[in-house]
Amino acid sequence: MTNKRIIQAQYTQTAANYQLYLSMDVEEMIPMDDSVRLHCLLCERMDYRELLQAYASKGRKPAVDPVILFKVITYTASQKIYSSRGIEKACRRDINFRWLLQGYAAPDHSTISRFKQKYLTDTVMEQLFFQQVVWLYQQEAITGETIYIEAYANRYSFVWKKAITKHEAKMYTKWQALLEQINTTYCQIFTSPYETFLEDLKKVLVFLEKVKAKENITFVYGKGKRKTVLQRYHEQVKEMLQRKEHYDTSNQIMGEKRNSYSKTDHNATFMRMKDDPMRNGQLKPAYNVQAAVDAEFIVGINAFSDRNDTTTLIPMLQYVKEHLPFTYRNIVADSGYESEENYVYLKKQKQTAYIKPQNHERKKKASFKKDIRHRENMAYDKSTDTYTCVNNQQLHAIRNYTRTSQTGYQSKVTVYECEDCTGCPLKEKCTKAKGNRQLHVAKEFLAYRETAQENILTETGTLYRMNRSIQVEGTFGVLKEDYHLKKFRTRGTGNVRNELLILAFGYNLNKIHTKIQANRLNLYYHPLKTA
């Protein structure tokens with residue numbers, strides 16, 4: 001008998017012996033308070049029509065029931081298993097996964113990967129995730145009233161809008177000189193304004209190819225070969241055309257809002273990372289991940305390409321509102337979300353803004369209070385609409401103008417100018433302008449800021465701000481450190497959003513299981529500490 005057969009025979013005998021000692025009833029081996037039972041309980045109450053329709057449209061019978069496969073994949077997120085091979089291994093070895101499979105054979109990694117890519121898409125996962133949030137609301141595990149918003153830029157090839165603009169301008173200058181040479185050589189009258197740059201490149205290239213065919217000229221390549229004037233013109237124009245098309249494609253990818261993108265993932269934008277071991281302001285391709293948290297549960301999560309948190313607040317709130325049957329009335333966020341546009345939106349939606357003003361902390365410092373440059377340190381007379389500086393000079397409103405934000409929102413700004421700063425002994429400390437001191441004031445924005453300041457200083461506002469720092473920032477801390485959300489494993493906004501939703505589903509499962517075990521299910525806020 002060969003060694004292989006001996007080993008196989010020993011393996012078979014060992015398996016038979018273990019069957020005498022090990023219980024084959026998996027049901028009895030899983031504790032009644034295990035999180036997998038809670039997960040299964042929740043999943044059995046969900047509507048899977050969209051997931052099943054995705055399979056029906058393909059016209060194929062799945063190897064594993066799609067609902068069971070969904071249970072497996074979302075449960076792996078709670079167990080911090082993310083790779084397809086890791087899920088396959090868990091399905092073969094872990095008793096909880098064997099219980100979830102309900103007799104189905106363990107799926108291989110290709111089946112799991114195909115399921116996530118083709119069937120459990122971001123739109124399907126989005127619908128299932130928000131069913132979980134609605135279930136939490138029905139169980140009174142979340143408030144449905146107060147939501148905390150926070151951002152996290154998740155992390156080298158660079159494409160910069162400024163560089164493209166500069167190189168394109170230089171190329172256009174060279175193009176004008178080349179076009180003049182072509183006109184002189186072939187007695188043509190080609191003109192090329194910047195608006196028709198791309199079309200003119202194509203037009204001249206076609207003309208040069210016609211000349212080549214008409215004169216029966218053969219282009220040559222390699223060392224020792226002399227190129228004709230026509231071939232040199234042709235190569236230069238063709239190279240410019242390729243560069244122009246590349247520049248146009250890059251500008252289309254970035255659009256109006258973005259200034260950069262990654263070559264490996266066009267949806268990612270280069271951002272400065274807080275995690276910067278080199279301490280040299282590293283820029284990495286990243287997504288701006290926005291999370292909405294209520295009572296420590298993630299009730300909404302999405303990925304944006306915007307580097308600025310200000311422009312993501314409204315889309316994030318709209319995203320949550322579209323998928324939930326209730327509306328949050330209290331919006332709690334840090335100073336990175338403060339803008340007039342956001343204040344106006346919240347007022348129209350009848351939502352209360354608990355947004356910390358950007359100057360909230362600076363105003364407390366003695367250095368700020370002593371700095372005469374700041375508008376806050378000038379006296380304002382509402383009846384005459386004038387500011388008075390430290391030197392008792394009045395600043396009068398001289399004109400108004402409209403300022404347009406990155407999103408297209410227009411705000412009105414009033415310009416105030418001092419009567420006469422000539423000979424003022426405090427001018428160097430007050431302004432660097434050669435003329436009189438000016439102030440640019442957005443009155444409507446300041447009125448909203450004052451209201452927000454009053455809101456956050458109330459007892460309720462203080463409670464909300466403290467819970468924001470504990471709940472939503474704590475959530476990101478857990479996701480980054482415990483769930484290892486430091487680098488996305490997929491590319492593209494849709495795939496990244498799907499990855500986030502699966503992770504949030506598993507996070508909520510662990511959170512509700514922990515709260516039930518600790519008897520904290522209906523505790524929504526951490527209380528304020530009193531001396």
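Around the CD atom of Glu428, the shell of radius 6.0 Å holds no more than 12 heavy atoms that belong to other residues, nucleotides or ligands. At most 12 heavy atoms of other shown residues, nucleotides or ligands fall within 6.0 angstrom of atom NZ in Lys174. Annotation: Glu450, atom CD; neighbour count of heavy atoms from other residues, nucleotides and ligands within 6.0 Å does not exceed 12.
Tyr319 approaches Ile301 most closely through the heavy-atom pair CE2-O, 3.6 Å. Contact detail for Gly86 and Ile81: the closest heavy-atom pair is C-CG2, 3.6 Å. Across every non-hydrogen atom of Ile502 and Ala77, the tightest pair is O-CB, 3.4 Å. Nearest heavy-atom pair, Thr475 versus Val293, reported as atom, atom and distance to 0.1 Å: OG1-CG2, 3.9 Å. Between Leu395 and Gln393 the shortest heavy-atom distance is CD1-O, 3.7 Å. Here the shortest heavy-atom pairing between Tyr221 and Lys225 reads O-CG, 3.4 Å.
Checking side-chain atoms of Lys356 against main-chain N and O of Gly336 turns up no donor-acceptor pair under 3.5 Å. With hydrogens and angles ignored, the 3.5 Å screen pairs a side-chain donor or acceptor of Gln351 with a backbone N or O of Tyr328. A donor-acceptor pair is defined here as one N or O able to donate and one able to accept, closer than 3.5 Å; no such pair exists between the side chain of Asn377 and the backbone of Ile372. The backbone N or O of Tyr186 lies less than 3.5 Å from a partner atom in the side chain of Gln188, making a donor-acceptor pair. Under a 3.5 Å cut-off, the side chain of Thr431 and the backbone N or O of Lys427 do not form any donor-acceptor pair. Between the side chain of Asn498 and the backbone N or O of Val124 there is no donor-acceptor pair closer than 3.5 Å. Not one N or O on the side chain of Thr196 forms a donor-acceptor pair closer than 3.5 Å with the backbone of Ser192. Using modelled atom types, no side-chain atom of Asn342 and backbone atom of Glu338 make a donor-acceptor pair closer than 3.5 Å. Side-chain atoms of Asp122 never come within 3.5 Å of backbone atoms of Val496 as a donor-acceptor pair (strictly under, hydrogens ignored).
There is a side-chain donor-acceptor pair under 3.5 Å between Glu341 and Thr407. For Asn436 and Gln438, the side-chain atoms include no donor-acceptor pair closer than 3.5 Å.
Inter-residue side-chain proximity for Cys421 and Asn391 is flagged as unmet; no heavy-atom pair is nearer than 4.5 Å. Looking at heavy atoms from C-beta onward, Met378 lies in side-chain contact with Arg437 at the 4.5 angstrom threshold. For the pair Leu346/Thr352, no side-chain contact is recorded, criterion being any heavy-atom separation below 4.5 Å from C-beta on. For the pair Lys116/Asn495, no side-chain contact is recorded, criterion being any heavy-atom separation below 4.5 Å from C-beta on. Contact of the Asp381 side chain with the Thr388 side chain is not registered, since no non-hydrogen atoms from C-beta on lie closer than 4.5 Å. Lys429 places none of its side-chain heavy atoms less than 4.5 Å from the side chain of Arg373. For the pair Asp200 and Lys203, the minimum side-chain heavy-atom distance is below 4.5 Å. Contact check for Asp385 versus Tyr380: side-chain heavy atoms found under the 4.5 Å cut-off.
Cation-pi contact between Lys244 and Tyr194: present, with separation from the ring centre below 6.0 Å and deviation from the ring axis of at most 45°.
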From CA spacing to verdict: side-chain contact (heavy atoms from CB on, under 4.5 Å), Val289, Leu479: CA-CA 12 Å; Val289 179; Leu479 292 177; over 6 Å; no
Full working for side-chain contact (heavy atoms from CB on, under 4.5 Å) between His360 and Ile456: CA-CA 10 Å; His360 177 74; Ile456 67 172; 3.9 Å; yes
Test salt bridge (charged side-chain N to carboxylate O under 4.0 Å, His left out) applied to Lys202 and Glu199, step by step: CA-CA 5 Å; Lys202 294 178 180 178; Glu199 291 76 10; over 6 Å; no
Steps toward side chain to side chain donor-acceptor pair (under 3.5 Å) verdict (Tyr247, Arg243): CA-CA 6 Å; Tyr247 293 153; Arg243 286 174 59 191; 3.2 Å; yes
Phe297 and Val133: CA distance, side-chain angles, deciding distance, side-chain contact (heavy atoms from CB on, under 4.5 Å) verdict: CA-CA 8 Å; Phe297 293 97; Val133 177; over 6 Å; no
Stepwise salt bridge (charged side-chain N to carboxylate O under 4.0 Å, His left out) check, Asp371 with Arg362: CA-CA 11 Å; Asp371 195 338; Arg362 288 187 300 141; over 6 Å; no
Test log, rule side-chain contact (heavy atoms from CB on, under 4.5 Å), inputs Ile355 and Leu313: CA-CA 11 Å; Ile355 300 177; Leu313 180 65; 4.2 Å; yes
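With values rounded to the nearest 0.5 angstrom, Leu501 atom CG is found 9.0 Å from Leu120 atom CG. Atom-to-atom distance recorded for Asn302:CG and Met316:CE is 6.0 Å, nearest 0.5 angstrom. With rounding to the nearest 0.5 angstrom, the CG atom of Leu317 is 11.0 Å from the CD atom of Glu322. In this structure, CG on Leu201 lies 9.0 Å from CD on Glu245, to the nearest 0.5 angstrom. Atom CD1 of Ile149 is separated from atom CG of Asp334 by 10.5 Å, given to the nearest 0.5 angstrom. If you take CG on Asn359 and CZ on Arg449, they are separated by 4.0 Å, rounding to the nearest 0.5 Å.
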Donor-acceptor pairs are to be reported for all side-chain atoms of residues 233-242 against protein atoms at under 3.5 Å, with residues two or more places apart or in another chain.
{"from": "Tyr233", "atom 1": "OH", "to": "Thr185", "atom 2": "OG1", "distance (Å)": "3.0"}
{"from": "Glu235", "atom 1": "OE1", "to": "Lys227", "atom 2": "NZ", "distance (Å)": "3.0"}
{"from": "Glu235", "atom 1": "OE2", "to": "Lys227", "atom 2": "NZ", "distance (Å)": "3.4"}
{"from": "Glu235", "atom 1": "OE2", "to": "Gln231", "atom 2": "NE2", "distance (Å)": "3.1"}
{"from": "Gln236", "atom 1": "NE2", "to": "Arg232", "atom 2": "O", "distance (Å)": "3.4"}

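Ring orientation note: the planes of Tyr416 and Tyr387 are nearly perpendicular, at an angle over 60° on the 30°/60° scale.
In this structure, His109 has no ring pair (Phe, Tyr, Trp, His ring centres under 6.0 Å) partners at least two apart in sequence or on a different chain.
Screening residues 330-350 for ring-ring contact (aromatic ring centres under 6.0 Å, His included) gives Tyr343-Tyr448 as the qualifying pairs, with residues at least two apart or on separate chains.
Among the candidates Phe129, Phe115, Tyr119, Phe505, the single residue satisfying the ring pair (Phe, Tyr, Trp, His ring centres under 6.0 Å) test with Phe70 is Phe505.
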